[in-house]
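Here the structure comes first, spelled out in structure tokens, and everything after it is commentary.
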Amino acid sequence: MRNKKTFLLIVVFLFQSTLTFASKSDNIAVSISPVAFIVQEIGGDKIDVLTMVPSDSNPHLYEPSVRRMISFSESSRFFSIGSDFEKVWLDRLLSLNNNMKVQSITQHLPVTSGIKDPHVWMSPSNVKKMAEEVLSELINMKPADKSFFKSNYNSFAAKIDNIINKIDKTTKKCETDKFLTVHPVLGYFASEFHLKQIAVEKHGQEPSARYLSSLMETIKEENIKFIFSQAQVSQQYVKVIVDETDVTAEMIDPLSNNLFIMFENIWSVFNKYCR
């Protein structure tokens with residue numbers, strides 16, 4: 001209901017202001033900061049990237065303002081990762097600008113998680129493939145800048161390859177292939193590096209007392225030493241687990257606006273405990 005009211009406000013605002021929007025050819029819209037990072041790294045100063053969800057907000061709960069929706073409606077492209085958040089708002093964006101082209105950048109990803117999981121960017125190899133899709137589309141948009149985009153992509157891909165090699169070498173040293181996380185955000189990461197993610201939350205639901213008890217047993221049996229947490233989720237159960245076991249809470253930011261730093265932080269956690 002609230003989404004419908006927001007949309008009506010946009011329509012009324014447009015009508016009252018007699019505004020006519022035309023696509024700005026250099027504007028590219030995305031849903032979250034990690035995708036914006038990929039696009040900006042390849043596009044550089046040749047494009048402007050608009051991000052729907054601020055990096056400190058939860059994409060599942062965030063509702064864009066009227067002003068933000070209007071700003072996004074001016075974009076010529078929407079680079080999609082097929083997230084639920086995008087599905088909620090994309091039809092409304094297209095109704096404001098039916099010239100906006102929606103381009104999926106996740107159609108040919110090399111890493112899967114085996115479950116319904118929207119966090120495709122948590123696999124470095126997936127990020128590299130997404131960057132390749134972005135490169136292709138940017139060249140179609142601005143063929144005169146092809147060499148510029150390709151140079152940026154090559155630099156980006158080299159950094160991702162280095163990250164993959166570092167993480168792969170480090171995770172192979174771990175005593176157990178299992179790791180703990182509050183929110184199931186690392187499924188693709190686990191799949192790429194042959195690990196097993198154990199999430200406190202299941203299907204977006206808080207854990208039962210019985211499930212928490214079984215987690216405590218798994219922690220002891222597998223000698224798990226840390227739990228990944230993030231600022232966007234409740235720390236209630238992190239505190240319970242930390243208080244009852246010897247694990248250490250390690251903060252990561254899956255919605256970081258710098259994926260190089262995000263992966264470096266994840267690597268540093270494994271490097272700290274897997275020697």
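We're numbering straight along the sequence, starting at 1. Note that these values count all heavy atoms, side chains included, but never hydrogens, waters or copies made by symmetry.
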Could you check whether any side-chain N or O of [X] sits under 3.5 Å from a backbone N or O of [Y], counting only pairs where one atom can act as donor and the other as acceptor?
X    : Y    : value
N271 : W267 : no
E192 : S125 : yes
Q40  : A36  : no

Pairwise ring pair (Phe, Tyr, Trp, His ring centres under 6.0 Å) hits with a residue in residues 236-263, at least two apart = F37-F260, F156-F260
Which pairs count as ring pair (Phe, Tyr, Trp, His ring centres under 6.0 Å) when at least one residue sits in residues 91-134, sequence neighbours excluded?
-> H119-W121, H119-H183
Results of side-chain contact (heavy atoms from CB on, under 4.5 Å) for S191 - residues two or more places apart only | V111
Kindly write out the residues that satisfy side-chain contact (heavy atoms from CB on, under 4.5 Å) with P143, not counting sequence neighbours, or none if the list is empty.
-> none
Transitively linked via ILVMFWY side-chain contacts under 4.5 Å: V39 with I261?
-> no
Are M251 and M122 in one and the same hydrophobic cluster, where Ile, Leu, Val, Met, Phe, Trp and Tyr link if side-chain heavy atoms are under 4.5 Å apart?
-> no
Listed by chain and number, what are the salt bridge (charged side-chain N to carboxylate O under 4.0 Å, His left out) partners of E250, not counting sequence neighbours?
-> K272
Do R77 and M100 have side-chain heavy atoms sitting under 4.5 Å apart?
-> no
Stepwise ring-ring contact (aromatic ring centres under 6.0 Å, His included) test for F228 and F189 = CA-CA 13 Å; F228 284 119; F189 179 93; 7.5 Å; no
What's the spacing between E264 CD and I167 CD1 if we round to 0.5 Å?
-> 8.5 Å
Assess whether atom CG of D246 is packed by more than 12 heavy atoms of other residues, nucleotides or ligands within 6.0 Å.
-> no
Salt bridge (charged side-chain N to carboxylate O under 4.0 Å, His left out): which pairs involve residues 214-223, sequence neighbours left out?
-> K178-E222
[Y] versus [X], side-chain donor and acceptor atoms under 3.5 Å:
X   : Y    : value
N27 : E74  : no
S80 : Q103 : no
E86 : S31  : yes

Are F72 and F78 an aromatic pair by the rule of ring centers under 6.0 Å?
-> no
Ring centroid separation F193 to F179 under 6.0 Å | no
